[in-house]
2 protein chains.
Amino acid sequence: MIRIALDVMGGDHAPREILAGAHRALRESRDLFVYLVGTEEALSAFPDHERVEKVPAPEWVEMDETPSEALRRKPRSSIRRAFELVKEGRAGAVVSAGNSGVTYACALFLLGRLPGVSRPAIATVLPTLKNPAVLIDAGANVDCKPNHLLQFAIMGALFSEKILGLRAPRVGLLSIGEEGGKGNFLVKRAHSLLEESSLNYIGNVEGRHIYSGEAEVIVCDGFVGNICLKVSEGVAEALAEMLRREVRRDPLAVLGFGLARRALNRFRRRTDWREYGGAPLLGVNGVVIIGHGRSDARAVRNAIFTARRFVEMGLVEKLKEALDRRKHPSDLQAIS
Amino acid sequence: MIRIALDVMGGDHAPREILAGAHRALRESRDLFVYLVGTEEALSAFPDHERVEKVPAPEWVEMDETPSEALRRKPRSSIRRAFELVKEGRAGAVVSAGNSGVTYACALFLLGRLPGVSRPAIATVLPTLKNPAVLIDAGANVDCKPNHLLQFAIMGALFSEKILGLRAPRVGLLSIGEEGGKGNFLVKRAHSLLEESSLNYIGNVEGRHIYSGEAEVIVCDGFVGNICLKVSEGVAEALAEMLRREVRRDPLAVLGFGLARRALNRFRRRTDWREYGGAPLLGVNGVVIIGHGRSDARAVRNAIFTARRFVEMGLVEKLKEALDRRKHPSDLQAIS
C-alpha cells in the first residue's frame, strides 16, 4: 500500500477539487491510501473510506502568505501537518497544490536536504516533439548563484536518467542565444561551470528549443523557469481561444472541426498541463509533489499518481545514491 | 518619400531573404526609398531600381560576435554603414535582422540616447485576446537594475499611448505571482518604484496573462523578455506540429481540416510572428527596427513597413516630447 499525505486546503479550487481528485484516485487505484489533511469542516464533506484517514488541521495557508509568516504564525496548518506525516514515517509522500513557497519551506524545515544539495529545486516534465524534457528549476529558487544552476543540472540529469530512463540526457542552459558568450551574468558564469562538469552538456538552448526537444534537461533559475511554464500555458490557451473564434465565424470550419473531434481530443490530452499532474521537488529527503495552483480534480488525481509512482520507484533513494556516487571534482565542489 | 536603410547582411537567411523582402516592399509601396547596405557581391544580385540606392560595405557582422569586438574590428560593416546613413540625415530609419547586440551598440554609439533615457529597450507588440500588448524589454538589456525597469515601463506606456493609440495603458510587471511581494530581488524593488510612479500600474502580471490581455504594457528585463518571446514561438510551433501529427493519423480529421482551411489560414496569419515584422528600439535618437534573426522575405517586408509607419508617425519626436513633459518627481529621478 502506498500512503500519500494530501493537503486538502491548498490550491485555488481547494478544498472541493482536491477532495474530488482524491476520490478519483482512490477509485482507480486499489493500493493507494490517502491521508486527507485539512479543517474538520472541509473533511466532513468526504465520505468515510477504508483507505482514507482524515487528519484534522485547524489552520491553512493562503496563496499570498510568505513562508516565514506562515511557518511562524500557523504552526498547525494543513500543509505542515502533511509534512509531519511523512516525517513520522506514516506517509511516503506529500502532495499539495497550495502555496509553493510555503511547501518548499516546510520540506526544508521538516524533511531536510539530501547530502550535497544546498538548493532543492522543482523539476517539471514537459512534452516535446522528441523525448520528455525536465525543466529545472521551475519556481523554487528565484534568486540563484551560478553553482545553484550546476546543482539543478546535476539533479535534473539524474532524474532524467534514473526516473525517465533516458541515457546520458543532454543538458542545456536556457539562454537568449545559442553561443556560450550570450546570456546574463548568471548564465555566463553557470555556462563555465557546466562546461567543466562531467554532464552531457550541450551549451545554451533558446526558449524556442524547449519544446522541439533539443535537450532532455533544461536548466534555469526558478524565476525564469516559472515564467516559461506560465507563458507556455498562456500561449496554448490564447491560441486555442483565437482558433475557436476563427472557427466559429465559418460554418464550414465548424463542420470540419466536428469531423476532427477525435484527433483534437487526443491532441488536447497530450498538451494539457492537467494531464502531467504536479512536479517533484528534488533534493529534499522525501517525495514532495507540487501541484499547479489552478488544479482541478483531474490534475489532483494525476498529482497523486505521480507521487505514488515516485514512491514506488524509490525516487529519493535513487537520487541520494547517485549524488553520493558522483566523483567529478568540480561537481562535488559545487554541490558541497 | 520615406527613406529606409536596410542591412542586407544581417539575419540567418541574409542576404537572399533580406533582398527579397526589400523587393516586395518596394513593389507594394510607391513612397518608399530603400538604401541597400551590404557587400558588392550581395548587392549585385538586386536589379537596378529607381527607388533604391546600393551602398557598398565591405564587412559584415556575424550573429555570434560581441558588440565590442564588432565595433572595434569591423569599422566598415554593413550595419554600421546603415546607421551612418541615418546619422547623415539621408535615411529616416534602420532595419536589421542581424546581431541585435551590435545593432543596439551602433544605435547608442552613432545616434545616441534620448534625453532622460539611460537604457534604450526593445518594445515588441504582441497580439492578445484583447488590446495589443507591448513587451519591453524584449532583449536589449540582459542585466538590469530596478530603475531600468521603471524606464522601460515609462517608454512602453508612451509607445502604447502615442503610437498604438491606447488611453492610460495598464502597466504590469512580469513576475511569478500576482501579489506584489512575489518575484525575484529585481522585480520586488522595481515593484516599489512602479507603485510610486504616475503610471497606470496594475502590479505583477504572470506569464499566462500576457496573451489574455490583462495589461497593455508588460515590463521585464531583456533576458526574461527575450526568453518569453522565444518560448512563445516554440510553444506555437510545437503545438502546430503535434496537432498536425494527430490529424495525419485520422482520415476524418484530414477531411475536417481541409474544410476548415480558410479559418486555419486566418488564424495562422493572426498568430505568426512574421506578420508583426520587427520591433522598435525605444529611447535612441532615431527609428531602429530590430527584425527577427530568422526573418524571411515576408518578415523583412513587414519590418520595412513597420519602420516606414514609425517614421511617418514621428515616433522619435513623440517620445522625446512626452519624455520632456513628464513631471512626476519619482519618475524623473529614476530616468535621469
Side-chain angles (χ1 to χ4, degrees), chain A residues 63-64 66 101 127-129 139 142-143 174-179 181-185 187 206-212 221-224 226-239 241-243 246-247 249-250 252-253 255-264 266-267 270-271, chain B residues 63-64 66 101 127-129 139 142-143 174-179 181-185 187 206-212 221-224 226-239 241-243 246-247 249-250 252-253 255-264 266-267 270-271:
Chain A
M63 294 303 261
D64 58 352
T66 65
T128 81
L129 295 177
V142 293
D143 289 295
L174 187 59
S175 189
I176 62 171
E178 288 173 57
E179 305 82 18
K182 289 203 173 175
N184 59 12
F185 183 76
V187 159
E206 283 195 84
R208 69 189 170 93
H209 293 142
I210 295 179
Y211 296 96
S212 59
D221 72 56
F223 184 79
V224 168
N226 197 270
I227 285 183
C228 275
L229 292 186
K230 297 293 171 65
V231 167
S232 301
E233 277 177 45
V235 171
E237 287 174 0
L239 287 176
E241 177 58 27
M242 287 175 189
L243 185 56
E246 287 299 347
V247 169
R249 289 169 50 194
D250 179 344
L252 262 183
L255 177 64
F257 269 61
L259 292 175
R261 176 156 305 151
R262 267 203 333 217
L264 287 168
R266 274 197 310 267
F267 168 73
R270 254 205 85 183
T271 54
Chain B
M63 294 303 262
D64 58 352
T66 64
T128 81
L129 295 177
V142 293
D143 289 294
L174 187 58
S175 190
I176 62 171
E178 288 173 59
E179 306 80 19
K182 289 202 173 173
N184 59 12
F185 184 75
V187 158
E206 285 196 82
R208 71 190 170 92
H209 293 140
I210 295 178
Y211 296 96
S212 59
D221 72 56
F223 184 80
V224 167
N226 197 270
I227 285 184
C228 275
L229 292 185
K230 297 293 171 62
V231 166
S232 302
E233 277 177 46
V235 171
E237 287 174 1
L239 287 175
E241 178 57 29
M242 288 175 188
L243 185 56
E246 288 300 347
V247 168
R249 290 169 50 192
D250 180 343
L252 263 183
L255 178 63
F257 269 61
L259 291 176
R261 176 158 302 153
R262 267 204 333 216
L264 287 168
R266 275 197 310 267
F267 167 71
R270 256 205 85 181
T271 55

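Letters A, B, ... are given to chains in the order of the sequence lines, protein chains preceding strands, and every chain is numbered from 1. What you are looking at is a predicted structure, and each value in this text was computed from that prediction instead of being measured.
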Is the shortest side-chain heavy-atom distance between Ile227(B) and Val224(A) below 4.5 Å? yes

Looking only at Gly183(A), Gly258(A), Ser212(A), the option with the highest number of non-hydrogen pairs under 4.5 Å against chain B is Gly183(A)

Checking side-chain contact (heavy atoms from CB on, under 4.5 Å) for the pair Phe267(A)/Met242(B): CA distance, chi angles, key distance, verdict? CA-CA 7 Å; Phe267(A) 168 73; Met242(B) 288 175 188; 3.9 Å; yes

At a heavy-atom distance under 4.5 Å, which candidate from Val247(B), Leu255(B), Asn226(B) has the highest pair count against chain A? Asn226(B)

My understanding is that only residues two or more places apart in sequence, or in another chain, count here; which of them pass side-chain hydrogen bond (donor to acceptor under 3.5 Å, both in side chains) with Arg262(B)? none

Can Leu243(B) and Leu239(B) be said to form a side-chain contact (heavy atoms from CB on, under 4.5 Å), step by step? CA-CA 6 Å; Leu243(B) 185 56; Leu239(B) 287 175; over 6 Å; no

Do you know the tightest heavy-atom contact between Pro127(A) and Tyr211(A)? O-CD2, 3.4 Å

Any idea which of Leu264(B), Val187(B), Thr66(B), Asp250(B) has the most non-hydrogen atom pairs under 4.5 angstrom with chain A? Asp250(B)

Is a side-chain N or O of Asp143(B) found less than 3.5 angstrom from the main chain of Phe185(A), in a donor-acceptor match? yes

Side chain, backbone, both or neither: which part of Thr128(A) has a non-hydrogen atom closer than 4.5 Å to chain B? backbone

Val142(A) and Phe223(A) have their tightest heavy-atom pair at O-CB, 3.7 Å

Options Arg249(A), Arg261(A), His209(A), ranked by heavy-atom pairs under 4.5 Å with chain B, top entry: Arg249(A)

Find the one option among Gly222(B), Gly139(B), Gly101(B), Ser232(B) whose heavy-atom pairs under 4.5 Å with chain A are most numerous. Ser232(B)

When the 4.5 angstrom heavy-atom criterion is applied to Leu229(A) and chain B, the contacting part is neither

Considering only heavy atoms, which portion of Ile210(A) lies under 4.5 Å from any heavy atom of chain B: side chain, backbone, both, or neither? side chain

Give the member of Gly207(A), Cys228(A), Gly234(A) that has the highest number of heavy-atom pairs under 4.5 Å with chain B. Gly207(A)

